[in-house]
2 protein chains.
Amino acid sequence: MATIRQLLGAAAPVCVSCRDCALKPICLPAHLPGDEARALEAAVERGRHLPAGATLLRAGEPMSALFVVRSGSAKRYSVTLDGAEQVHGFVLPGEAVGLEGFAGGHFTCEVSTLEPLSYCRVPMSKLEQLMERLPGLRREILRLLGQALEESQRLRGELAQSDARGRVAHFLADLSQRLARRGLSPNEFRLSMSRADIARHLGLTLETVSRALGTFKREGWLRVRARDISVLRPDALAALGGLPA
Amino acid sequence: MATIRQLLGAAAPVCVSCRDCALKPICLPAHLPGDEARALEAAVERGRHLPAGATLLRAGEPMSALFVVRSGSAKRYSVTLDGAEQVHGFVLPGEAVGLEGFAGGHFTCEVSTLEPLSYCRVPMSKLEQLMERLPGLRREILRLLGQALEESQRLRGELAQSDARGRVAHFLADLSQRLARRGLSPNEFRLSMSRADIARHLGLTLETVSRALGTFKREGWLRVRARDISVLRPDALAALGGLPA
DNA sequence: AGCGGAATTTGATCCGTGTCAAGTACTGAC
DNA sequence: GTCAGTACTTGACACGGATCAAATTCCGCT
């Protein structure tokens, strides 16, 4: 996903307004009426950066703001009692982070960057004020949460039902479709996460992930060279992964 | 969970206000200031009933209202392309249903009753009006969604990490704790769902669920007679299921 | 109380993944 | 360019859970 950084980050290094942002069609204000979008814009803190491997937020920390990734990618995870990492998912540009924080006012999982990352921040105090008078924003935040919930449940179902190949296919097809929505090539991309991260996300071991990729390669569905992926048969992957299209 | 029906349903067959409701300490208005709770109460449609095996709501249906179960229990599930049932979870009294609907304005999973069920309804139109002027209610709905999201992710992690015994232990310990919060015995209860439902919820087969219960029984952690469960070692179950206490 | 169908338990076998162990390829630093 | 460290691939084997099959228990019904 160096591509992500290049196309969406470097191409528009300093955005002053959401109007000029490359993520406009995907990001939070996308569904807001003009006046509400302007009001929200005024509350957004832009242009924040982190290097690769940094921590964006930590479990237990008070939910001071809503975060939206602008460029780069990140890993959401939590650490279990016995020290193991549960990877909840991966965050792409235009996606909000830390929504579970609404439950108790503090974040409940760690988010750390997989590559250099830039993001926007909307302080919670301002967000609450805005929600008071902007019905569209209220609906949008609820929509965001609903979507996250739906997505989480869909994924849980996938985990419960599929075998290793199905899970890896789902992961790739899903990533591919999310990249496509961001105007990036759905069939040529570079994974920003390790096999171990993918494995911990899918409830598998890294060896099994590697083997699944191996079989896809042998069957001519993929070309794999380390973290560079070329999807040759997106249809086959989507079908096996239980995704439409 | 006939117990649930008896204690919370039959004991208070017709509630006219949330103030008198047995679920008061758990339900939606619990965290609202007095005036907001009163305003919400006025919008609630109470006293609706369904027999066992009925459908409360269906995927694809417009999200006309927020539902809260009053007594009885239900199963949330969706049907995959190949006709299999994915069980997302089970709903107990005081729990809201259909929150994923906020994503796109219509429900995305089926909910059907496991035993006779009564519920309250808050029409979406009224809910939106109320959210306009009640900041506490706004926060409460966000809290509800955040909680559902957090819960869903925790469960996904559990699925990804645990083996069959761990998952069944988690299921039992979680159910036990939720019953306790409702003032019911956490150690003596009757399951309202079949082994097959539990299995589809946990990503296992019904035989494996049965065997896991068998081993718990043999180890003296449980007494099992069909759907009646006595928990003898709640601590052991919770520990194996990755839950505190 | 007794009957019939469904739910559950129990048993035997097989396959998919986890585990352990090398070996190979990649990446970044000098 | 080379080197060291890390990430990834590949192989052999063991084990947990799926699958198929049968026996048993439970529950609603007459």
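The structure presented is a predicted model; accordingly, all values stated were derived computationally and were not measured. Each chain gets a letter, A, B and so on, in the order the sequences are listed, and its residues count up from 1.
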- Item | Salt-bridge criterion met for B:R233 and B:D235 (N-O under 4.0 Å) | yes
- Task: Go through the steps for A:L179 and A:S176 under the test side chain to side chain contact (heavy atoms under 4.5 Å, CB included), then give the verdict.
- Result: CA-CA 5 Å; A:L179 291 174; A:S176 172; 5.7 Å; no
- Once you round it to whole Å, what is the distance between C1' of D:dT10 and CZ of A:R218? 10 Å
- Looking at C:dT9, C:dC26, D:dC26, which one has an atom nearest to any side-chain atom of B:R195? C:dT9
- Message: What is the distance, to the nearest angstrom, from the CG atom on A:L159 to the P atom on C:dT17?
- Response: 13 Å
- Query: Could A:E95 and A:R182 be called an ion pair, given the rule that one side-chain N must be under 4.0 Å from one carboxylate O?
  - Reply: yes
- Query: Out of A:H88, A:Q86, A:E110, A:H201, which one pairs with A:R76 under the side chain to side chain contact (heavy atoms under 4.5 Å, CB included) rule?
  - Reply: A:H88
- Which one, D:dC26, D:dT9, D:dC8, comes nearest to the side chain of A:V224? D:dT9
- Message: Rounded to whole Å, please give me the gap between CG in B:L114 and P in C:dA7.
- Response: 13 Å
- Specify the separation, in whole Å, of atom CD1 of B:I229 and atom P of C:dT8. 10 Å
- Message: Pick the closest DNA chain D nucleotide for B:A226 and for B:A164 by heavy atoms, then say which residue is nearer the 5' end.
- Response: B:A164
- Message: Rounded to whole Å, please give me the gap between CZ in A:R225 and C1' in C:dA25.
- Response: 9 Å
- In whole angstrom, what separates B:K217's NZ from C:dT8's P? 13 Å
- Message: Are the side chains of A:L222 and A:V231 in contact, using a 4.5 Å heavy-atom criterion?
- Response: yes
- Query: For the pair made of CZ in A:F216 and P in D:dT10, what is the distance, rounded to whole Å?
  - Reply: 14 Å
- Message: Taking the basic N atoms (NZ, or NE/NH1/NH2) and the acidic carboxylate oxygens, is any pair closer than 4.0 Å for A:E151 and A:R178?
- Response: no
- Query: Do any of residues 197-214 of chain A sit with a heavy atom less than 4.0 Å from DNA chain C, and if so which?
  - Reply: A:G203, A:L204, A:T205, A:E207, A:T208, A:R211
- Do the side chain of A:R167 and the main chain of A:L159 share a donor and acceptor less than 3.5 angstrom apart? yes
- Message: On the nucleotide D:dA7, are OP1 or OP2 found under 4.0 Å from the side-chain N or O atoms that A:R227 carries?
- Response: no
- Taking CE from B:M193 and P from C:dA6, how many angstroms apart are they, rounded to a whole number? 22 Å
